[in-house]
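A, B, ... follow the sequence lines: proteins, then strands. Residue 1 opens every chain.
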Amino acid sequence: MWTAWKPLPISNQPWRFFDLKELLQGGQSFRWIFEPATKAFTGGWAGFLSRLRVSPEGSLEASFPRGGKAHLAPTERALIQYLGYSEEQTELLENLPWRSDPILREAIEQFPRLRILQQPPEEALLSFLCSATKQIPQIQQGLWQLAQRFGQPLADGWNQLPRWEVLAGIPLPDLRDTGIGFRARHIAGTADFLKENPAYLSAIASLPYPEARTALLKLPGVGTKVADCTLLFGFQKWEAFPVDTWIAKTLQRLYGLHDWKLGQLETFGRVHFGSGAGLAQQFLFARMRQLS
DNA sequence: GTCCAGGTAGATC
DNA sequence: GATCTACATGGA
């Protein structure tokens, strides 16, 4: 069913379970399920499945579907890319202003293995359309239902997230049945829009951040926060600085930015943290949740 | 029971 | 433009 555990060559530093949990279930992807029996996470993206765990010796290990299901396994290289372990992110991290910003430095020290997961844009968009005023476990639950009902079967009871073309044909009441509540009409609206404009998302990939953001904001249910999450986690637009309730709280309490408007906080983030603002955002997000 | 959750859109001023 | 509120659902 699964290949033997094998270390992934992505860091010489030891991993803790805590590091892997924050990377896979820290609010970036909602497609990794923890299995207490094996202390491993199963999940993936697109048509790929993997299992990940931290060995007792502190190395990050992966295992893949095998046998007739081998095509469901990502290459080791693709998995490492998905996990955000690229030269590009290493450089962005190095260039963040942690030398002059003790709050950011502390956050990075607390979560040294954290990176931005590089997810398919379609999945990031769908995920964060489901995220409005929901807790992370509920987002995970809603996406699981969407996948099980409308997505392509993979293996081990796992389905792929549904493609937007498929979502466009599903009646609103059926979408509602997955428990995603009022977000169903946002999904339906965006699915219809993308059906009319099939190349819309792929065109966004080549746009600079400001134009890409403007384009995403035209989709129903996509506001500034969902747009920035999609741009950061799906399109690798590193200057995107999503401001949600946690980040707003962080900037108020730790940076003293009381009474700032959302738009002002977004601008502050991009200016203060620079070209890797989105990466900084993820460390601050993890840190604030840890403090609460 | 009440409050809140990785927000957005539409109404109202 | 800036502020106010409805929107579904589940968990604390």
Side-chain angles (χ1 to χ4, degrees), chain A residues 21-32 84 107 111 114-117 119 121 123-146 148-149 161 170-193 213-235 237 240-254 258-267 269-270 273 277-292:
Chain A
K21 180 174 171 53
E22 193 62 33
L23 183 64
L24 298 178
Q25 294 188 327
Q28 300 191 58
S29 167
F30 309 94
R31 296 293 289 158
W32 292 90
F111 300 91
L114 188 56
R115 299 292 185 275
I116 300 296
L117 297 179
Q119 307 173 58
E123 295 196 351
L125 176 59
L126 179 60
S127 298
F128 286 96
L129 270 173
C130 289
S131 73
T133 61
K134 256 174 137 40
Q135 298 181 114
I136 290 172
Q138 267 71 310
I139 302 168
Q140 182 173 301
Q141 182 67 21
L143 287 170
W144 178 265
Q145 287 299 325
L146 282 171
Q148 296 314 107
R149 295 195 185 210
L161 283 177
I170 296 168
L172 195 51
D174 293 353
L175 283 177
R176 273 264 161 80
D177 273 348
T178 59
I180 57 176
F182 65 83
R183 302 152 198 85
R185 64 185 164 81
H186 294 156
I187 307 273
T190 287
D192 290 342
F193 185 104
R213 188 175 196 247
T214 303
L216 274 179
L217 287 172
K218 296 194 192 307
L219 299 172
V222 177
T224 54
K225 193 271 178 183
V226 171
D228 279 331
C229 284
T230 304
L231 290 167
L232 178 61
F233 302 125
F235 286 103
K237 306 289 184 192
F241 187 81
V243 176
D244 72 318
T245 53
W246 290 100
I247 293 299
K249 204 182 300 182
T250 305
L251 296 179
Q252 285 161 15
R253 293 191 190 166
L254 302 184
H258 304 285
D259 301 320
W260 285 48
K261 312 296 177 206
L262 276 184
Q264 297 173 321
L265 293 175
E266 290 165 0
T267 304
R270 291 196 293 270
F273 298 112
L279 199 46
Q281 175 271 161
Q282 199 57 35
F283 285 95
L284 294 177
F285 180 82
R287 177 61 173 155
M288 191 40 121
R289 297 201 314 141
Q290 179 186 47
L291 290 174
S292 297

**Prompt:** Do Q145(A) side-chain atoms and G142(A) backbone N/O form a donor-acceptor pair below 3.5 Å?
**Reply:** no
**Message:** With a cut-off of less than 4.0 Å, is there a side-chain N or O of K134(A) near OP1 or OP2 of dG11(C)?
**Reply:** no
Classify [X] by what it touches in the nucleic acid, base, sugar-phosphate, or nothing, heavy-atom distance under 4.0 Å.
| X | answer |
| --- | --- |
| V222(A) | sugar-phosphate |
| P242(A) | base |
| G179(A) | sugar-phosphate |
| Q281(A) | base |
| T245(A) | sugar-phosphate |
| R183(A) | base |
| Q145(A) | nothing |
| L219(A) | sugar-phosphate |

Provide, to the nearest angstrom, the distance between the [atom1] atom belonging to [X] and the [atom2] atom belonging to [N].
| X | N | atom1 | atom2 | answer |
| --- | --- | --- | --- | --- |
| I139(A) | dG10(C) | CD1 | C1' | 13 Å |
| L262(A) | dG1(C) | CG | P | 17 Å |
| D228(A) | dG7(B) | CG | P | 13 Å |
| M288(A) | dA5(B) | CE | P | 13 Å |
| E22(A) | dG6(B) | CD | P | 12 Å |
| E266(A) | dG7(B) | CD | P | 13 Å |
| F182(A) | dA9(B) | CZ | P | 11 Å |
| F128(A) | dT8(B) | CZ | P | 11 Å |

With respect to the side chain of [X], which nucleotide from [options] is positioned closest?
| X | options | value |
| --- | --- | --- |
| F285(A) | dT8(B), dG6(B), dG7(B) | dG6(B) |
| S131(A) | dG11(C), dT8(B), dG6(B) | dG6(B) |
| F30(A) | dG7(B), dG11(C), dG6(B) | dG6(B) |
| K225(A) | dG10(C), dG6(B), dT3(C) | dG6(B) |

**Request:** Take the angle between the ring planes of F273(A) and F241(A) and call it parallel below 30°, perpendicular above 60°, tilted in between.
**Result:** parallel
**Asked** Below 3.5 Å, does any donor atom in the side chain of Q282(A) face an acceptor in the base of dG6(B), or the other way round?
**Response** yes
**Audit row: E266(A), R213(A), salt bridge (charged side-chain N to carboxylate O under 4.0 Å, His left out) steps and yes/no** = CA-CA 13 Å; E266(A) 290 165 0; R213(A) 188 175 196 247; 3.0 Å; yes
**Asked** Does E22(A) have any salt bridge (charged side-chain N to carboxylate O under 4.0 Å, His left out) partners at least two apart in sequence or in another chain, and if so, which?
**Response** R289(A)
**Request:** Please name all residues satisfying salt bridge (charged side-chain N to carboxylate O under 4.0 Å, His left out) with R176(A), sequence neighbours left out, ordered by chain then number.
**Result:** none
**Message:** Suppose we call two aromatic rings close when their centres sit under 6.0 Å apart. Are F128(A) and F30(A) close by that rule?
**Reply:** yes
**Prompt:** For D244(A) and R185(A), take the nucleotide of DNA chain B holding the closest heavy atom to each; which residue's nucleotide lies nearer the 5' end?
**Reply:** D244(A)
Taking atom [atom1] in both [N] and [M], compute the distance separating them and give it to the nearest angstrom.
| N | M | atom1 | value |
| --- | --- | --- | --- |
| dC3(B) | dA8(C) | C1' | 15 Å |
| dT2(B) | dA6(C) | P | 16 Å |
| dT3(C) | dG6(B) | C1' | 22 Å |

**Heavy-atom side-chain contact between F111(A) and Q282(A) under 4.5 Å** = no
**Item:** Position toward the 5' end of DNA chain C (nearest nucleotide), G181(A) or Q138(A)
**Value:** G181(A)
